[in-house]
Each structure stands twice: as structure tokens, then as C-alpha cells.
Amino acid sequence: MSSGILRIVGWVVALLVGAFYGAAGTVAQAYRLGPVPLGLILATVGSAALLIALRVLTGDRINALAGGFGISAATYLFSQVGPGGSAIVSAPTPGTEWIPVVWTIVGPALMVFVAFWPDFSHLKQQPAVGTGANAAPATTAR
């Protein structure tokens, strides 16, 4: 198999895994434990971990974009209201209207943040001044 085909397969897998995370996050984002929006926190952390892993482990920005697009597409798809209302996402109550809005913004924001974060791996690491074999001994002022 050529390298190009393997990359495309990787993008499709990233899209599908992102869609899975997006679906799970869309269902779970409304869960609250007292005043704490635990579902939103867990969905955000899980989605961020997925996108960071896709970017770091593959070294490819397009994998992070594909995963983020999957998260966003699943969020959009499962948030639609049908003729009988939404069977998946419960209607927000007064005081919790902000939770679904935040979840709608989190997916695309994480995708952009992770995919377009600069790549610092090519920078050469410089030794700290005054370290190593040629370092002068530290002097104290009196």
C-alpha cells in the first residue's frame, strides 16, 4: 500500500473516532452533578485529549482537523430537533441554557486550537548559559 492511501485511511479513521467522541459528548454534555456541569467538563477534556493525541502521535495537522470535524459534525447532527423534539439531547432548563451553547462552540474551537498550534519540534534546543563543562563557578557578592 502506498503512503498516500495510508494517510487517507488515517484521516477517515480520525473522522470516525471524532464522530464517536462528538456523539458521546453531545449526549453527556447535559449531565450535572449539583451545580457542576460534569458532562460538559468530561466531554471537553475527552475531546481535547483525542485531538491532541491525533496531532502528536501522527504529526499531521489534517488528522486533528478530521477528528475535530467529526466532533463538530456529530454535535450538529445529534443536536437537531425533529418533529417530536430531540430524542437524544434533552431541552435545557432555566439556568442551564449555556451548557449546550458552550458544547457547540467547544468542538470547533478545540479543532482550530490543536490543528493550528505551531510545531516547535524543529527548533534546536540551546543549552542554558553557564552550564556544562566550561561553566564558570558561581560567585557570591559580599
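All figures in this text were calculated on a predicted structure; none of them were measured in a lab.
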Inset, instruction - Could I get the full list of side chain to side chain contact (heavy atoms under 4.5 Å, CB included) partners for Ala115, not counting sequence neighbours? - result: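 For Ala115 the side chain to side chain contact (heavy atoms under 4.5 Å, CB included) partners, ignoring immediate neighbours, are Ala64, Leu65.
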Inset, instruction - Identify, with sequence neighbours excluded, every residue that meets side chain to side chain contact (heavy atoms under 4.5 Å, CB included) alongside Val13. - result: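 Partners of Val13 by the side chain to side chain contact (heavy atoms under 4.5 Å, CB included) criterion, ordered by chain and then number, come out as Val9, Val17.
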Inset, instruction - Output the distance between atom CD1 (Ile41) and atom CD (Gln29), rounded to the nearest 0.5 Å. - result: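 Going from the CD1 atom of Ile41 to the CD atom of Gln29 covers 12.5 Å.
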Legend entry - Separation between CG of Leu54 and OH of Tyr21, rounded to the nearest 0.5 Å: 9.0 Å
Inset, instruction - Could you list all the side-chain hydrogen bond (donor to acceptor under 3.5 Å, both in side chains) pairs where at least one residue sits in residues 32-45, not counting sequence neighbours? - result: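 Of all non-adjacent pairs touching residues 32-45, none passes side-chain hydrogen bond (donor to acceptor under 3.5 Å, both in side chains).
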Inset, instruction - Report the residues that fulfil ring-ring contact (aromatic ring centres under 6.0 Å, His included) with Phe113, sequence neighbours left out, ordered by chain and then residue number. - result: Trp117
Is [Y] close to [X] at the side-chain level, that is, under 4.5 Å between some pair of heavy atoms?
X: Leu40; Y: Trp98; value: yes
X: Trp103; Y: Pro37; value: no
X: Thr26; Y: Ser79; value: yes

Examine [X] and [Y] and state if one hydrophobic cluster contains both, with Ile, Leu, Val, Met, Phe, Trp and Tyr joined whenever side-chain heavy atoms are less than 4.5 Å apart.
X: Val45; Y: Val56; value: no
X: Leu110; Y: Trp11; value: no
X: Phe20; Y: Leu51; value: yes
X: Met111; Y: Phe116; value: yes

Closest approach of [X] and [Y], non-hydrogen atoms and distance?
X: Ala23; Y: Ala74; value: N-CB, 3.5 Å
X: Gly107; Y: Ser72; value: C-OG, 3.8 Å
X: Ala43; Y: Gly25; value: CB-CA, 3.7 Å

Inset, instruction - Give every residue pair that meets the salt bridge (Lys or Arg N to Asp or Glu O under 4.0 Å) criterion with at least one member in residues 57-69, sequence neighbours excluded. - result: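 Listed by first then second residue: Arg7-Asp60.
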Legend entry - Shared-cluster residues of Leu42, by chain and number - hydrophobic side chains joined below 4.5 Å: Tyr31, Leu33, Leu38
Legend entry - Check: Gln80 side chain, Phe78 main-chain N or O, donor-acceptor pair, under 3.5 Å: no
